[in-house]
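I have placed the structure first, in the form of structure tokens, so that the comments after it can refer back to it.
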Amino acid sequence: MRRFAGPVLLAAGLIVAVWLPNGIYTGLAVDLLCWALFAVSVDLLLGYAGLLSFGHAAYWGSSAYATGLLAVHLGLPFPLAVLGGALTAALIAVPVGYLAVKRVGIYFAMVTLAFAQMIYFIANEWRSVTGGENGMQSVPRTLGSVDLSDNYYFYYAALPIVLGGLWLTWRIVHSPFGRVLVAIRDNPARARALGYPVHRYKLAAFVLSAFVAGLGGGLFALAHQFVSLDTLHWTTSGKAVIMVVLGGIATLWGALFGSSFVVVLEDSLSQADFASPGLITGGVFVLAVLLFRRGLWGSVAAIVRRRF
């Protein structure tokens, strides 16, 4: 039974992904894709490397700005613009990660937060490039002669990039590299004694996570055709962490479920003109942590494994 669980879940996920813009409005469907990539990137770092980053919005947002600049000033097709944005995020992550991975626990989290706030400040002050508080507007999304002005068509154009990012993350965690990351997460001293360069593995995981987050950030910029400072704000990092913990750490599927749950919940509350959506989201998060120690998806998966 367990042998067929993976292929069945994969097939179901692909069917849902293809059907999604036909079941909900397309703007929300595109947002689900973008946030799924961001949540999975955080899960790669937190769940498999054991590194809690409170500054991951730096890579989501920096990719969004870089993608916008490449699309506006160079007129690149949107896949190349997104790839350029993701590579920019990975490049920024190299020096930040090099300094951050030498710290552990809350110290690592604070270092990542400090650098993220520095990038936020730079984006706010560099108004000639980023637009400052006004943001970057009218970001084009082009692909040759294909008309992507409708979110419905843009969803299906962006879907291969999202699936590629998800496949990359899955491949990383199921590779020997991913197994070493789990060993470092569980017992870094023993991994070091076995000869593994712990800091290098952590840095590689940090940069790869930033790249995947960058893919989502670039698509988010093109989906909204606008980039604001909110993409770099620390609350965006916290939102991604909430998604991962809510769904289930170190599951990947949990990150997908958690991101979908939070995005749909916030959209429903905003349509209902609810004044404080964060109050409901925070309440759901607290209840999930208290009642489901492995997250919603992780707890259900554990029950299914025990019974089958």
Side-chain angles (χ1 to χ4, degrees), residues 31 33-42 44-46 51 53-74 76 78-101 108-137 139-141 158 161-162 165 168-169 203-241:
D31 276 355
L33 291 184
C34 301
W35 281 102
L37 275 177
F38 194 21
V40 164
S41 74
V42 173
L44 170 62
L45 195 61
L46 174 59
L51 300 173
S53 172
F54 280 142
H56 231 52
Y59 315 110
W60 162 272
S62 62
S63 174
Y65 276 106
T67 299
L69 290 171
L70 291 171
V72 170
H73 296 292
L74 298 182
L76 291 182
F78 90 89
L80 292 180
V82 170
L83 180 59
L87 290 174
T88 301
L91 186 62
I92 294 173
V94 172
V96 176
Y98 179 79
L99 296 173
V101 297
F108 172 85
M110 290 299 101
V111 169
T112 58
L113 177 60
F115 277 106
Q117 290 301 101
M118 183 177 68
I119 294 173
Y120 176 90
F121 176 79
I122 293 173
N124 187 34
E125 294 299 318
W126 203 358
R127 293 180 176 85
S128 61
V129 175
T130 65
E133 294 179 351
N134 295 322
M136 187 183 299
Q137 304 176 23
V139 178
R141 50 192 190 199
I161 297 177
V162 175
L168 174 63
T169 309
L203 176 58
F206 193 87
V207 173
L208 288 169
S209 176
F211 178 80
V212 176
L215 290 177
L219 288 174
F220 189 80
L222 293 170
H224 292 264
Q225 298 186 282
F226 174 74
V227 186
S228 70
L229 287 172
D230 284 344
T231 59
L232 290 167
H233 202 263
W234 67 268
T235 54
T236 302
S237 301
K239 182 177 176 180
V241 173

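In what follows, every heavy atom counts, from backbone to side chain, and hydrogens, waters and symmetry copies are set aside. Model, not experiment: these values are computed from the prediction.
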Nearest 0.5 Å, please: how far is [atom2] in [Y] from [atom1] in [X]?
| X | Y | atom1 | atom2 | answer |
| --- | --- | --- | --- | --- |
| Met110 | Gln117 | CE | CD | 10.5 Å |
| Leu113 | Ser237 | CG | OG | 7.5 Å |
| Leu87 | Leu83 | CG | CG | 4.5 Å |
| Ile119 | Asn124 | CD1 | CG | 13.5 Å |
| Ser63 | Phe220 | OG | CZ | 12.0 Å |
| Leu76 | Leu69 | CG | CG | 11.0 Å |

So, for [X] and [Y], which heavy atoms are closest and what is the spacing to 0.1 Å?
| X | Y | answer |
| --- | --- | --- |
| Ala158 | Leu219 | CB-CD2, 3.8 Å |
| Ala64 | Val227 | O-CG2, 3.6 Å |
| Leu215 | Gly165 | CD1-CA, 4.0 Å |
| Leu37 | Val162 | CD2-O, 3.8 Å |
| Thr235 | His233 | OG1-ND1, 2.9 Å |
| Ala71 | Pro140 | O-CG, 3.4 Å |

Out of Phe206, Phe211, Tyr65, Phe115, which residue meets the ring pair (Phe, Tyr, Trp, His ring centres under 6.0 Å) rule with Tyr59?
-> Phe206

Phe226 atom CZ, over 12 foreign heavy atoms within 6.0 Å = yes

Decide if atom CD of Glu133 counts as having more than 12 heavy atoms of other residues, nucleotides or ligands within a radius under 6.0 Å.
-> no

Using only atom types and a distance under 3.5 Å, with no angle test, would you say the side chain of [X] pairs donor to acceptor with the backbone of [Y]?
| X | Y | value |
| --- | --- | --- |
| Arg141 | Gln225 | no |
| Thr112 | Ser53 | no |
| Thr88 | Gly84 | yes |
| Thr236 | Leu232 | no |
| Ser41 | Val212 | no |
| Ser62 | Ala89 | no |

Test item: [X] and [Y] side chains (from C-beta on) under 4.5 Å apart, heavy atoms:
| X | Y | answer |
| --- | --- | --- |
| Val139 | Leu222 | yes |
| Leu80 | Leu70 | no |
| Val241 | His56 | no |
| Leu44 | Val40 | no |
| Lys239 | Trp35 | yes |

Apply side chain to side chain contact (heavy atoms under 4.5 Å, CB included) to Asp31 and His224, showing your working.
-> CA-CA 9 Å; Asp31 276 355; His224 292 264; 2.8 Å; yes

